[in-house]
Number of protein chains: 2
Amino acid sequence: MMVSTKGRYALTVMVDIAKNSNGEYVPLADIARRENLSNKYLESIIAILIKGEMLISLRGKNGGYKLSREPKDYNISKILKLTEGTLAPVNCIIQDGVTCDKAATCSTLPLWTGLDRVIENYLGGITLEDIVIGNRKKMLGDYCDKCSAL
Amino acid sequence: MMVSTKGRYALTVMVDIAKNSNGEYVPLADIARRENLSNKYLESIIAILIKGEMLISLRGKNGGYKLSREPKDYNISKILKLTEGTLAPVNCIIQDGVTCDKAATCSTLPLWTGLDRVIENYLGGITLEDIVIGNRKKMLGDYCDKCSAL
DNA sequence: CAAAATCCTACCATTATAGCAGGATTTTGT
DNA sequence: ACAAAATCCTGCTATAATGGTAGGATTTTG
Ligand code: FES
Ligand code: FES
C-alpha cells in the first residue's frame, strides 16, 4: 500500500473543508462526524496539514480549520507527500534523488525512476478543485495512444 | 513505500537469472552472491515465484532455477503483484475491484482508481526483457503532451 | 468566566517487514 | 552405494510502521 489511512484521511479532510467551509472555520468535530472518522486520529493528521501550511487554524469558540488558498491551488501530490513523507515507490528513491549504494550498476533502477515519474505526473496534475467538483475525465482520463499511461 | 524489498528482490532475481542462465539452471547461492543478498531471504522469495510459475526449479546437483518463458513474455506488473500481493495504491482498491463501504459516495475514489490505472498501465507495459537490455526510452520515456503522464 | 475549540505530549495494540535457523528431501557424479 | 550439491519446508524473531487512544493545557468568544 502506497498511501496509508494518514494520507487518505488528510485528503478527505481537505475535501470536506473545501466543501463545507464558506470562508468560515470548520470545527474538527464536524469533519469527524461527517466523514465518520476518529476525532483524535484526525486531530493528529490535521496537525501535519497545519505545519505544512495546507490549513489555517483558529482556537476557541467559533474556531476550527479552513483552507489557506483556493482549492484549485492545491496539488494532490504535495498534500500526500506532506502526510506520507514520500510517494516514492521504492526505498531506492527518496524525494528528489536516489539513495541506494547499488544505484550505479542497478538495471532495475530506471524502472523505479520511471514509475516514480508516472505517479508524480499524475498526482501533480490534479488539484483539490478537481476532486471537489468531481472532474472524472481528468482523474479517470481517456485513453492516450501515445504513451498508453492513461 | 509501495514495493517492499520482497518485490524488489524478486525482480532482481528474475533479471539476474535472465542474464546469467543460458538455458541452464542457476543455483540460489550464485544469485545471492552476485546480487549481494541474503541466501535465506531470497529462498523464501523464490518460493513465491515458483508457486506463481514465474520460475522452474530443479533439485539436486546441477540444480537451481531458470525462467519458465522468454524474458519478453514477462510483464513486470504481474511479477510484482505476485510477490507484493497487490499494487493498489490504497486499501479502498483491491485487485480488480473496490472494497470500501464509502465507495458509493466517496469523492476521492476516482483519484485512487485513476492512480491505480496509471500504475498498472506503466508496469504492465514493461517486460523483463526491457529491463535486461536496458530499454531506457521505454522505462524513462519521453514527454507525452497529450496526457502528460510521462 | 464558562463553554468551545485547538494544541501538545505521551502511550499502545496490531500488523507488516525483513530476515534467520535447521533440518528434510531430491538428484547427480563418481 | 554414497557423498555432495542443491532445493524444499516449517517455524521463529527483531524492528518498524500503522492506526489509533488518553488526558490535560491553552486560547478565544459570547
Ligand atoms: S537496488 Fe536500489 S537502485 Fe536497484
Ligand atoms: S474512503 Fe474508501 S473509497 Fe473513499
Side-chain angles (χ1 to χ4, degrees), chain A residues 1-13 17 20-21 24-33 35-52 54-66 68 80 83-92 100, chain B residues 1-13 17 20-21 24-33 35-52 54-66 68 80 83-92 100:
Chain A
M1 215 60 46
M2 175 186 184
V3 178
S4 67
T5 56
K6 194 147 82 172
R8 228 167 76 223
Y9 293 175
L11 190 53
T12 298
V13 164
I17 294 177
N20 294 291
S21 155
E24 306 284 301
Y25 287 88
V26 181
L28 169 64
D30 289 11
I31 305 174
R33 183 174 22 76
E35 307 297 339
N36 197 29
L37 296 174
S38 149
N39 213 295
K40 281 294 187 182
Y41 189 31
L42 273 198
E43 205 183 306
S44 67
I45 292 168
I46 287 179
I48 302 172
L49 291 170
I50 289 173
K51 269 184 201 114
M54 298 285 172
L55 291 177
I56 295 171
S57 70
L58 183 68
R59 288 175 157 197
K61 206 165 183 179
N62 290 336
Y65 308 98
K66 69 175 181 183
S68 61
L80 294 178
T83 42
E84 293 288 322
T86 177
L87 290 179
V90 291
N91 244 326
C92 301
C100 185
Chain B
M1 213 62 47
M2 174 186 182
V3 177
S4 69
T5 57
K6 195 147 83 170
R8 227 167 76 224
Y9 293 175
L11 191 52
T12 298
V13 164
I17 294 177
N20 295 290
S21 157
E24 306 284 301
Y25 287 89
V26 181
L28 169 63
D30 290 10
I31 305 173
R33 183 174 23 75
E35 307 298 338
N36 198 27
L37 296 173
S38 148
N39 213 295
K40 281 296 188 182
Y41 189 31
L42 273 197
E43 206 182 305
S44 67
I45 291 168
I46 288 179
I48 301 172
L49 291 170
I50 289 173
K51 268 183 202 115
M54 298 284 174
L55 290 177
I56 294 171
S57 71
L58 183 67
R59 289 174 154 197
K61 206 165 183 179
N62 292 334
Y65 308 98
K66 70 174 181 182
S68 61
L80 293 178
T83 42
E84 292 289 322
T86 177
L87 290 178
V90 292
N91 244 326
C92 300
C100 185

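Quick note on labels: first sequence line is chain A, next is B, and so on, each numbered from 1. Predicted model only: the values in this text are computed from it and were never measured.
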Nearest 0.5 angstrom please: [X] [atom1] to [Y] [atom2], how far?
{"X": "A/Lys51", "Y": "A/Ile48", "atom1": "NZ", "atom2": "CD1", "result": "7.5 Å"}
{"X": "A/Leu42", "Y": "A/Ile31", "atom1": "CG", "atom2": "CD1", "result": "7.0 Å"}
{"X": "B/Leu55", "Y": "B/Ile17", "atom1": "CG", "atom2": "CD1", "result": "4.5 Å"}
{"X": "A/Leu49", "Y": "A/Ile45", "atom1": "CG", "atom2": "CD1", "result": "8.0 Å"}

Any residue meeting side chain to side chain donor-acceptor pair (under 3.5 Å) with [X], in chain and number order, not counting sequence neighbours:
{"X": "A/Arg59", "answer": "none"}
{"X": "B/Ser21", "answer": "none"}
{"X": "B/Asn39", "answer": "none"}
{"X": "A/Asn20", "answer": "A/Asp16"}

**Message:** So if I define the base as every atom that isn't primed, P, OP1 or OP2, how would nucleotides 11-17 of chain D read as a B/S/- string at a heavy-atom cutoff under 4.0 Å?
**Reply:** -------

**Asked** Could you write nucleotides 2-13 of chain C as a row of B, S and -, 5' to 3', where a protein heavy atom under 4.0 Å of any base atom gives B, of only sugar-phosphate atoms gives S, and otherwise -?
**Response** --BBBBB-----

With a 3.5 Å cut-off and sequence neighbours excluded, list the donor-acceptor pairs that the side chains of residues 1-11 of chain A form with protein atoms.
{"unit_1": "A/Ser4", "atom_1": "OG", "unit_2": "A/Lys6", "atom_2": "N", "d": "3.4"}
{"unit_1": "A/Ser4", "atom_1": "OG", "unit_2": "A/Glu84", "atom_2": "OE1", "d": "3.4"}
{"unit_1": "A/Ser4", "atom_1": "OG", "unit_2": "A/Glu84", "atom_2": "OE2", "d": "2.8"}
{"unit_1": "A/Thr5", "atom_1": "OG1", "unit_2": "A/Tyr41", "atom_2": "OH", "d": "3.1"}

**Request:** Could I get the full list of side-chain contact (heavy atoms from CB on, under 4.5 Å) partners for A/Lys61, not counting sequence neighbours?
**Result:** none

**Item:** B/Ile56: partners by side-chain contact (heavy atoms from CB on, under 4.5 Å), with sequence neighbours left out
**Value:** B/Tyr25, B/Lys66, B/Ser68

**Residues in salt bridge (charged side-chain N to carboxylate O under 4.0 Å, His left out) contact with B/Glu35, at least two apart in sequence or another chain** =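 Testing B/Glu35 for salt bridge (charged side-chain N to carboxylate O under 4.0 Å, His left out), a comparison that skips the adjacent residues, returns none.
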
**Item:** Separation of atom CD1 in B/Ile45 from atom C1' in D/dC9, rounded to whole Å
**Value:** 17 Å

Under 3.5 Å between N/O atoms: give me all the protein pairs with nucleotides 14-18 of chain C, atom names plus distance.
{"unit_1": "C/dA18", "atom_1": "OP2", "unit_2": "B/Ser4", "atom_2": "OG", "d": "3.4"}
{"unit_1": "C/dA18", "atom_1": "OP2", "unit_2": "B/Thr5", "atom_2": "N", "d": "3.0"}
{"unit_1": "C/dA18", "atom_1": "OP2", "unit_2": "B/Thr5", "atom_2": "OG1", "d": "2.8"}
{"unit_1": "C/dA18", "atom_1": "O5'", "unit_2": "B/Thr5", "atom_2": "OG1", "d": "3.2"}

**Message:** Using C1' atoms of five pairs at each end, report the bend of the helix from C/dC1-D/dG30 to C/dT30-D/dA1 rounded to 10 degrees.
**Reply:** 10°

